[in-house]
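Keep in mind that this is a model prediction, so the values were computed, not measured.
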Amino acid sequence: LEIMNDLGLNPDSMSLMFSATLVCYAVMQPVAGFWADLFGPRRCILAAALVLGLTSFGFYAAQGMWLGLPSRALVGLAGGVVLIPCLKLAGNWFTPRQFGFIASCRVASAAVANFIVGRPLAVAVGAFGWRWCFAALGVAGLILAALTYIIVTDKPSTALQPPADEPAPPRAGFIDN
């Protein structure tokens, strides 16, 4: 209700604004696979994190539907580009035997995050207001973009390799079998 009142929205326009996120997310799923193949998963994830961070600031600054709707739509478009490139990364980095486990961990982590974040986010909104929470999400998105740029590589062959005179660290764990 606080967002609706702050932005001067009625229930229909509020519903439209947040439905735009889900519709745009769904529309991007087939596009995400094409882009992951064309540009590589790292670039797709990096672009999505940048857009998600920046659109969170856009929603923070929104004074009504005119900026709120495009901000939420862009969140859906950018969010829809993340899953498939992550799965492509898993396919690039892990064996076919490990892929199912890694992919299920990725999907499960998103579900667990959605479950866990509810209460802390509600407390943060109550303490700081929804706008500051979106600003914090914007900062987090930009930090994730920077980490993606620094850490993520599309394939093991593009990762930093140990010097030739230094053996690679041993692999251990149940997914290595």
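- Between R97 atom CZ and I102 atom CD1 the span is 13.0 Å, to the nearest 0.5 Å.
- Put simply, CD1 on I151 and CZ on R42 are 10.5 Å apart, with the number rounded to the nearest 0.5 Å.
- Donor-acceptor pairing under 3.5 Å is recorded for the side chains of N10 and S13.
- Both M17 and L137 belong to a common hydrophobic cluster when Ile, Leu, Val, Met, Phe, Trp and Tyr are linked at side-chain heavy-atom distances under 4.5 angstrom.
- Evaluation of the salt bridge (Lys or Arg N to Asp or Glu O under 4.0 Å) rule for R106 yields no partner, not counting sequence neighbours.
- Note that CG of L147 and CG of L142 are 11.0 Å apart. Values are rounded to the nearest 0.5 Å.
- Note on I143: it does not cluster hydrophobically with W132, by side-chain heavy-atom contacts below 4.5 Å among ILVMFWY residues.
- Scored by the side-chain contact (heavy atoms from CB on, under 4.5 Å) test, L52 finds V75, A78 as partners (sequence neighbours excluded).
- When atom types are taken as modelled, the side chain of S15 and the backbone of P11 share no donor-acceptor pair closer than 3.5 angstrom.
- Scanning all heavy atoms of the two residues, the minimum distance from A48 to V82 falls at CB-CG2, 3.7 Å.
- Applying the side-chain hydrogen bond (donor to acceptor under 3.5 Å, both in side chains) test to pairs two or more places apart or on separate chains, none has a residue in residues 109-125.
- The OG1 atom of T148 lies 6.0 Å from the CG atom of L144; values are rounded to the nearest 0.5 Å.
- Both L50 and V139 sit in one connected hydrophobic cluster of ILVMFWY residues. Membership requires side-chain heavy atoms under 4.5 Å apart, directly or through other members.
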Just distance, no hydrogens or angles: give the donor-acceptor pairs under 3.5 Å from side chains in residues 21-38, sequence neighbours left out.
from, atom 1, to, atom 2, distance (Å)
T21, OG1, R72, O, 3.0
Q29, NE2, Y25, O, 3.3
Q29, NE2, G80, O, 3.0
D37, OD1, K88, NZ, 2.9

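- F59 places a side-chain heavy atom less than 4.5 Å from the side chain of L7.
- Under the 4.5 Å side-chain contact rule for hydrophobic residues, F134 and V123 do not share a cluster.
- Taken from CE in M65 to OG in S71, the straight-line distance is 11.5 Å, to the nearest 0.5 Å.
- Put simply, V107 and F99 are part of the same group of oily side chains (I, L, V, M, F, W, Y) that touch within less than 4.5 Å, one to the next.
- In this structure, R131 contributes its side chain and I3 its backbone to no donor-acceptor pair below 3.5 Å.
- Pairs of residues two or more places apart, or lying in two chains, never qualify as side-chain hydrogen bond (donor to acceptor under 3.5 Å, both in side chains) while including a residue from residues 50-61.
- For V125, the side-chain contact (heavy atoms from CB on, under 4.5 Å) test picks out E2, L121, W130, C133, with sequence neighbours left out.
- To the nearest 0.5 angstrom, L69 atom CG is 10.0 Å from S19 atom OG.
- What you find for C44 and P85 is that their closest heavy atoms are CB-CG, 3.7 Å.
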Please determine whether side-chain contact (heavy atoms from CB on, under 4.5 Å) holds for the pair I45 and L89, giving the CA-CA distance in whole Å, both sets of side-chain angles, and the decisive distance to 0.1 Å.
CA-CA 10 Å; I45 295 167; L89 277 177; 3.6 Å; yes
